[in-house]
There are 2 protein chains.
Amino acid sequence: MSDIATAQLSSYRDTIDNLDAALVSILAERFKCTTAVGFLKAENNLSAVDEAREGRQLERLRKLAEDAKLDGDFIEMVMKSIIAEVVKRHRQIASEFGKVITR
Amino acid sequence: MSDIATAQLSSYRDTIDNLDAALVSILAERFKCTTAVGFLKAENNLSAVDEAREGRQLERLRKLAEDAKLDGDFIEMVMKSIIAEVVKRHRQIASEFGKVITR
């Protein structure tokens, strides 16, 4: 591998590391926001899961992914793991409030 | 649920939708960058997988996640799915170049 190729690889990896730090920051902010939603839901006895909202989110994200030339199935898989983690936390919050979540 | 709570929920959801659009954009940029890495690796007959680099990435991201009060295991799970998708694409690129990838 030439010195130029080695420098190129190193530069790409620096960019990937910067983008990953941005991903972590955005995910941290997203979980702050979904925690606030979890408290609001617990206070108002709302279910941790809202399938209609989830369906709309996934449809919109698939469209955004395709516009950005990303694989829609891949984005859907990533978002489903994020949403599953959010639902788990909403149930924990409800349980701390002593609320009964029906689903 | 009061009108104020309904308005709060709607505002939180708008923020979540904005953050999700940012996530998709950053992931699109990340895949553009890893595709460039894939071409560089194929040109130079490098393996699609670099376990030492992956180990360093995951360790750094776990630290960033903990600093941002995120669950390290959750971030590791998300990053592992992203890296698996990247490796799949690197193998596809190498195969288009007619290169043999040993692992």
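Note: hydrogens, waters and symmetry copies are ignored here, and every other heavy atom, side chains too, is used.
In plain terms, the two heavy atoms of B:Ala42 and B:Ala94 that are nearest each other are CB-CA, 4.0 Å. When all heavy atoms are compared, the tightest approach of B:Cys33 to A:Ile16 is SG-CG1, 3.8 Å.
Comparing B:Leu27, B:Asn18, B:Asp71 by how many heavy-atom pairs each has under 4.5 Å with chain A, the most go to B:Leu27. Interface remark: of the candidates B:Thr34, B:Val78, B:Leu61, B:Leu61 forms the most heavy-atom pairs closer than 4.5 Å to chain A. Top candidate by heavy-atom pairs under 4.5 Å with chain B, chosen from A:Gln8, A:Met1, A:Lys32, is A:Met1. Your options are B:Met77, B:Arg13, B:Lys69, B:Glu85, and the one with the most heavy-atom pairs under 4.5 Å with chain A is B:Arg13. Heavy-atom pairs under 4.5 Å with chain B peak, among A:Ile82, A:Leu9, A:Leu70, A:Leu64, at A:Leu70.
We find that A:Arg56 and A:Glu59 are not joined by a salt bridge, their nearest charged nitrogen and carboxylate oxygen being 4.0 Å or further apart.
In terms of modelled atom types and a separation under 3.5 Å, the side chain of B:Thr6 and the main chain of B:Ser2 share a donor-acceptor contact. One N or O on the side chain of A:Ser25 and one on the backbone of A:Ala21 form a donor-acceptor pair closer than 3.5 Å. Under the 3.5 Å distance criterion, the side-chain polar atoms of A:Lys41 are matched with a main-chain donor or acceptor of A:Ala48. Counting only distance, with no hydrogens or angles, the side chain of B:Thr35 and the backbone of B:Phe31 share a donor-acceptor pair below 3.5 Å. A donor-acceptor pair under 3.5 Å is formed between the side chain of B:Arg60 and the backbone N or O of A:Asp17.
If you measure heavy-atom distances from B:Ile75 to chain A, the contacts under 4.5 Å come from the side chain alone. If you measure heavy-atom distances from A:Leu23 to chain B, the contacts under 4.5 Å come from both the backbone and the side chain. For a residue to count as touching a neighbouring chain, one of its non-hydrogen atoms must lie under 4.5 Å from one of that chain's; by this rule A:Gln57 touches chain B with the side chain only. Heavy-atom distances place the side chain of A:Leu40, and not its backbone, under 4.5 Å from chain B. At a 4.5 Å heavy-atom cutoff, the contact between A:Tyr12 and chain B is made by backbone and side-chain atoms alike. Using a 4.5 Å cut-off between heavy atoms, A:Arg62 makes no contact with chain B at all.
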